[in-house]
Q: 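Take this structure, written in structure tokens, and hold onto it; I'll ask about it next.
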Amino acid sequence: MEKPFFKKGETKKSSVKELLASSRAIEGVFVQGWVRTARDHKDFAFLEVNDGSCLKNLQVLVDGGLPAYGALADFSTGSAISILGDLVESPGKGQKWELKAKEIELVGSCPPDYPLQKKRHSDEFLRTIAHLRPRTNKYGALLRIRSQLAQAVHSFFCDEGFFLVSTPILTASDCEGAGDLFSVSAPAHENKEEFFGKKAFLTVSGQLALETHALALGKVYTFGPTFRAENSHTARHAAEFWMIEPEMAFADLADDMDLAEKFVKYLVGHLLNFCQEDMELFFAFVDKSLQEALNAIADKTFERITYTKAIEILQKSGKSFEHPVAWGLDLQTEHERFLAESFVQGPVFVCDYPTQIKPFYMRANPDGKTVAAMDLLAPRVGEIIGGSQREERHDFLKAAMERQKLSKEEYGWYLDTRLYGSAPHSGFGMGFERFLMLATGITNIRDVISFPRTPGSIAY
RNA sequence: UCCCCAGUAGCUCAGUCGGCAGAGCAGGUGGCUGUUAACCACCGUGUCCGUGGUUCGAGUCCGCGCUGGGGAGCCA
């Protein structure tokens, strides 16, 4: 429907972000967005309009003389409207610019049972209306930041000479990471029971596929959805999440940690430089210590300690832990938290873990007891990166696979890469949502992904 | 899968010892002011999560179930 004051192709539409950043008054601007709140007065009214382009709203002055003033009840909280008006300096306090409306048109009305109100809602409540929560300040800010950071992931790897590889989401490897997999089924075709002729699953990691490409293109990465059918009920686990996995040929574990550290610092730097307005919300309302914590990540060199050293530190800490601390046992959440939050007070790499608690593909260290693995532990969110140098020696890998009883038929192709021009190589995986939790101070993974999938919950 | 907590108006929550179901916000109506999570006055709002039990009487006590949250394990 053609609007009287909006000619498609002729009228230039402005975003709220552009207008608020304007250096001058502008006559005849056109804006479309959603009413956040209306302040009704006797002879005039104010509408706060948000179009998602930024956190801030544009204040729209509706003069009593306008026909729109008579229809003010239509422009209720949540309604979608188009406004034509003049951008003028605001005589009121609190904003530099405001839009003096000339014409307003209701695009989509919003009845009074609109669940989002002009007040703070709990995260738990907002999760029950995940289709509407992007309209709140907090989720809007989060989603803009999420988008910015996703772009930054690609620019980082591009700058570092990495190639993006799209690894398969459907996979036949049923023990990629020993985690529980979602199985994939399709309608039966002809006589075939299985669509692919064998069982298929959703990927739990692109790593094995990525290794084959690193041994051809040198430096590669993938950034895609990952699926884990683990029955985890925590604030840090989702059944569907996004993971960033780089893989480098001719690189050892130290190179791997160097890359991980540079990567994390780059993302934090990007956040502080390009997402300032949205980040202010998290600094002010979500976590008061967040700004300091992010500055520390950007400035400080990450500590690197071996697993063996970490066990010593924990044993000498004088703290009584609920779970036992002994060489050969995996670090528990409370141990990781102590290391990152109390001992280092910042991100810390723990490397060279006992062979028996790590997967088959990690490279055996000369000591015969440990493998070249590393975890980056961050305060509050725990393990944010897990990586390793991969076992590139054919005989070592074959022996490790036999020990862990992996079928040679299923993984022959993987072993092949060690037969033909094998080279040392390393990589890691970073949970994108875990990083977003670190970045924003949000404490529940369900609140950094648009439609969270957790055990027993897949609404939308 | 295990342990703990919660579920009362659209939202956030109070509800004492078991004795008539409450407040703030949101919403409606009117007023007022260059306001800004506006303000002032008035108005309406309930399957007290479900189910079974104890009791003269249950939002309140007990059993079971459901949902949400926190923690553990598993992991990113």
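A note on names: the letters A, B, ... follow the listed sequences, proteins ahead of strands, and every chain is numbered from 1.
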Q: For B/C11, does OP1 or OP2 lie under 4.0 Å from any side-chain N or O of A/S122?
A: no
Q: Between B/G70, B/A72, B/G34, which one does the side chain of A/A235 approach most closely?
A: B/G70
Q: Using the C1' atom as the reference point in each nucleotide, state the distance between B/G52 and B/C43 in Å, no decimals.
A: 40 Å
Q: Which whole number of Å gives the distance between the C1' atom of B/A14 and that of B/A9?
A: 13 Å
Q: Give the nucleotide from the list B/A76, B/U35, B/C74 with an atom nearest to the side chain of A/R228.
A: B/A76
Q: For a quick check under 3.5 Å, do A/Y266 and A/S155 share a side-chain donor-acceptor pair by atom type?
A: yes
Q: Between the base of B/C75 and the side chain of A/H237, is one N or O donor paired with an acceptor at under 3.5 angstrom?
A: yes
Q: Searching all strands shown, indicate the nucleotide that pairs with B/U67 (Watson-Crick or G-U wobble; both distances under 3.5 Å).
A: B/A6
Q: For A/S53, what residues pass the side-chain hydrogen bond (donor to acceptor under 3.5 Å, both in side chains) criterion, not counting sequence neighbours?
A: A/D51
Q: So, does A/Q59 get its side chain near the phosphate of B/U35, meaning an N or O under 4.0 Å from OP1 or OP2?
A: no
Q: Between B/G70, B/A38, B/A76, which nucleotide gets closest to the side-chain atoms of A/H41?
A: B/A38
Q: Stacking between B/A76 and A/F241, yes or no? Criterion: centroid separation under 5.5 angstrom, plane angle under 30 degrees.
A: yes
Q: Say you pick atom C1' in B/C64 and the same atom in B/A23; how far apart are they, in whole Å?
A: 34 Å
Q: Just checking A/I445: base, sugar-phosphate only, or nothing, at a heavy-atom cut-off of under 4.0 Å?
A: base
